[in-house]
J.: 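Structure in structure tokens, see below.
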Amino acid sequence: MAPLFGWWQRETHRGTPVIVKMENPNWSIAEIEGEEDEEELVTRDGSFSSRSRKKNAKQITWVLLLKAHRAAGCLTGLASAMVSLGSAVKRRVRSGRSDADPALVPRGENQVVRSRIYGCIKAFLVLSMLLLFFEVAYYFNLWRLGMGGVHVLMDQVHEGWQRLRAEYIAPPLQFLSDACTVMFLIQTMDRVLLCLGCLWIKLKGIKPVAKALEKDPESGSDYPMVLVQIPMCNEREVYQQSIAACCNLDWPKSNFLVQVLDDSDDPTTQTLIREEVEKWQKNGARIVYRHRVIREGYKAGNLKSAMSCSYVKDYEFVAIFDADFQPMPDFLKRTVPHFKGNDEVGLVQARWSFVNKDENLLTRLQNINLCFHFEVEQQVNSIFINFFGFNGTAGVWRRKALEESGGWMERTTVEDMDIAVRAHLHGWKFVFLNDVECQCELPESYEAYRKQQHRWHSGPMQLFRLCLPDIIKSKIGVGKKANLIFLFFLLRKLILPFYSFTLFCIILPMTMFVPEAELPAWVVCYVPAFTSLLNILPAPGSFPFIIPYLLFENTMSVTKFNAMISGLFQLPSAHEWVVTKKSGRSSEGDLVSFALSKKDDSTGLRVGGSVPNLNELVKEEKNTNKKKKKHNRIYSKELALAFLLLTAAARSLLSKQGIHFYFLLFQGISFLLVGLDLIGEQVS
């Protein structure tokens, strides 16, 4: 027996040489040499079974038809998706609603300042397209088709362009590329260390331990006085759920008071919220309604005004919940005990959970980011250095810590981070509870998410300018000062958006037109994939979205970079405050539960809240729809960057840079989808 190749081998059966395929221990297909119309099925016991070649031909035909059918199905699905995409693009273009429209520019913002980055991107795009046409013409020798000495002149021009980019453009571009690569590696090491710290916490089972409260809720002994604040502004979609959740906190009624801090400028919304508060008051809840006529300082001004009430001095702790947050009934019992016996603790922060994380692709990608933020960043910083940025809600403050730190200030758009930094400089410690969750909503539209991210990334740069002298002069240790300046502000708030935008949106496309400056494949592909994998570890269920997450984070870099620059240089857009639009997803079905809920005789409260005037709601909703309609819009900077990256991808084909081509192609498509507002909530 002589082996041939693969699983085929030659055997002799009854004096006839056959070729046997060794796949099944009992049966194998054998072809008798010299015969063209017969094939024999040989078994180990020596029996034969004949089949015609026509039957095999029919089987092959059916297999090919099945594969063709599947391929046709895939092509049909792809064609349908492309048609839907084309229809959406057509609607966007036809509507003509762009973020560059003067009517859509926020009040008080200079249109000239707003368009500077967009103008630079457009100029770079035009230049890259001209260079692409020039390089394609040279690559295919198109100008040699011309008459006379045109080709000689164009050859001289191309040689001059090569000398220009090699001697003057490539060196500074390579230096900037290397600098951004170093920043990228430093930030990656920071992520690795944070993940290792989180792993250590998991392995050792480290978690904050609180002292138990005495079980005497009737007398209220050992249950400190807690002031619960709910700041809100025109958030009619969610006000009921937050008020109901706070009024039903499991805490002695005499020991906590709910403040509804309404900054709404819509009269109907004010009326609805006031009526909701009055109904809870009738049910026995200790709740008050406050409304400011002049909305100065936004949320910080609202909280500052509430703290000026004379009765606030009677409360030792202050719990804060935004309008879309729904604390569980045992929230105070799981957070306040961490202050007992720890006089240095000024803040206890709970984790957020999201009721609409699976609503669309945008909310899924946000969930990845925020899971890493809470699971890794907040928890590690809490355990090892007792400091982290206050998230603005779902937290409990010691009133003394707020007062000693100077109280709420309206100087930036990140009042939560501001008060946290000042409290840290005064020596207060923070505790993060990863196992205590508070439900809330994620922005479902790209417009809302974009405005939220602009505020979150411009505010820290404003705060850094203001706090740097105080950090240097403070009495905290050198290590804590270095952590605040270099890690908390510079690396995570300034360097991260700077290199992310510069490296992947500017330098990478430029290296396609200036090949003398190189950006290694491991910087373009492998390190970003590794960091994305680290970010997605706290949310393992989101692993299938790792590639969209990587592309979307680079796409958001233009918004974060713009916000960082505006905050660092105090541009007008840095002071823009827009309340994140809520959808009220978590309150769907609440009206039914309210109607079916029964009054609790022991507490005098309704578990579900109260039912508003439905006729009034419907009437006002119709009026609101007539006045203001929601639209998807076109984002000019993202679209310009999409065409820039796609142009660079086409240029990379001339250099045979495979990994660069695929990255630029998919990154350009990602910018295109975001620029056309095809990610997130779609308004028909």
J.: With side chain to side chain contact (heavy atoms under 4.5 Å, CB included) as the test, would you mind laying out the steps for L261 and M232 before giving the verdict?
T.: CA-CA 6 Å; L261 311 177; M232 59 180 64; over 6 Å; no
J.: Let me confirm one number: the CZ-CD1 distance from F321 to I230, rounded to the nearest 0.5 Å.
T.: 8.0 Å
J.: Pair V558, E638 - check side chain to side chain contact (heavy atoms under 4.5 Å, CB included), show working.
T.: CA-CA 8 Å; V558 60; E638 284 80 355; 3.8 Å; yes
J.: Can you measure from CG (D343) to NZ (K429) and round to the nearest 0.5 angstrom?
T.: 11.5 Å
J.: Could you tell me how the ring of F561 sits relative to the ring of F498: parallel (under 30°), tilted (30 to 60°) or perpendicular (over 60°)?
T.: tilted
J.: Under the side chain to side chain donor-acceptor pair (under 3.5 Å) rule, what do Q187 and Y499 come out as? Steps first, then yes or no, please.
T.: CA-CA 10 Å; Q187 194 268 338; Y499 86 75; 2.8 Å; yes
J.: Does atom CD of E403 have more than 12 heavy-atom neighbours, drawn from other residues, nucleotides or ligands, at distances under 6.0 Å?
T.: yes
J.: For P460 and V414, work out which heavy atoms get closest and say how close.
T.: N-CG2, 3.7 Å
J.: Let me confirm one number: the SG-CD distance from C195 to E375, rounded to the nearest 0.5 Å.
T.: 10.0 Å
J.: State the OG1-CZ distance between T413 and R455, to the nearest 0.5 angstrom.
T.: 6.5 Å
J.: Testing the basics here: between T363 and K357, what is the closest heavy-atom pair and its distance to 0.1 Å?
T.: OG1-O, 3.1 Å
J.: For a quick check under 3.5 Å, do Q462 and S566 share a side-chain donor-acceptor pair by atom type?
T.: no
J.: The test is side chain to side chain contact (heavy atoms under 4.5 Å, CB included); show your working for F331 and V396 and say whether it passes.
T.: CA-CA 10 Å; F331 182 88; V396 182; 3.9 Å; yes
J.: Any chance you could lay out the salt bridge (charged side-chain N to carboxylate O under 4.0 Å, His left out) test for D262 and R290, step after step, and finish with the verdict?
T.: CA-CA 6 Å; D262 182 24; R290 284 180 54 85; over 6 Å; no
J.: Between Y298 and D263, is there a side-chain donor-acceptor contact under 3.5 Å, judged purely by atom types and distance?
T.: no
J.: Could you go through the ring pair (Phe, Tyr, Trp, His ring centres under 6.0 Å) check for W352 and F325 one step at a time?
T.: CA-CA 9 Å; W352 298 358; F325 278 71; 5.2 Å; yes
J.: Could you give me the CA-CA distance, side-chain angles and deciding distance for Q378 and N391, then say whether side chain to side chain donor-acceptor pair (under 3.5 Å) is met?
T.: CA-CA 10 Å; Q378 298 291 73; N391 294 115; 3.0 Å; yes
J.: Identify the heavy atoms of Q349 and A394 that sit nearest to each other, and give their distance.
T.: NE2-O, 3.2 Å
J.: Taking the inter-plane angle between the rings of F390 and W408 on a 0 to 90° scale, is it parallel (under 30°), tilted (30 to 60°) or perpendicular (over 60°)?
T.: tilted
J.: Dump the intermediate steps for ring pair (Phe, Tyr, Trp, His ring centres under 6.0 Å) on W397 and F430, then the final yes or no.
T.: CA-CA 9 Å; W397 277 94; F430 301 165; 5.8 Å; yes
J.: Would you call the rings of F184 and F504 parallel, tilted or perpendicular, taking 30° and 60° as the class edges?
T.: perpendicular
J.: Does NZ in K304 sit with more than 12 non-hydrogen atoms of other residues, nucleotides or ligands closer than 6.0 Å?
T.: no
J.: Taking only residues two or more places apart in sequence, or in another chain, which ones meet Y315 in a side-chain hydrogen bond (donor to acceptor under 3.5 Å, both in side chains)?
T.: R286
J.: A side-chain contact here means heavy atoms from C-beta on lying under 4.5 Å apart; do L442 and L370 qualify?
T.: yes
J.: Sort out for me which residue in R411, M409, K493 forms a side-chain contact (heavy atoms from CB on, under 4.5 Å) with L463.
T.: R411
J.: Measuring from C180:SG to L185:CG, what's the distance to the nearest 0.5 Å?
T.: 11.0 Å
J.: Which word best sums up how the rings of F339 and F317 line up, parallel for under 30°, tilted for 30 to 60°, or perpendicular for over 60°?
T.: tilted
J.: Output the distance between atom SG (C198) and atom CG (L193), rounded to the nearest 0.5 Å.
T.: 13.0 Å
J.: My understanding is that only residues two or more places apart in sequence, or in another chain, count here; which of them pass side-chain contact (heavy atoms from CB on, under 4.5 Å) with I186?
T.: V182, L491
J.: Between Q229 and N302, does a side chain to side chain donor-acceptor pair (under 3.5 Å) hold up when you go through it step by step?
T.: CA-CA 10 Å; Q229 296 179 330; N302 197 0; over 6 Å; no
J.: Please report the shortest heavy-atom distance between N381 and L194, naming the atom on each side.
T.: OD1-CD2, 4.5 Å
J.: So, do I485 and L490 sit near enough that their side-chain heavy atoms are less than 4.5 Å apart?
T.: yes
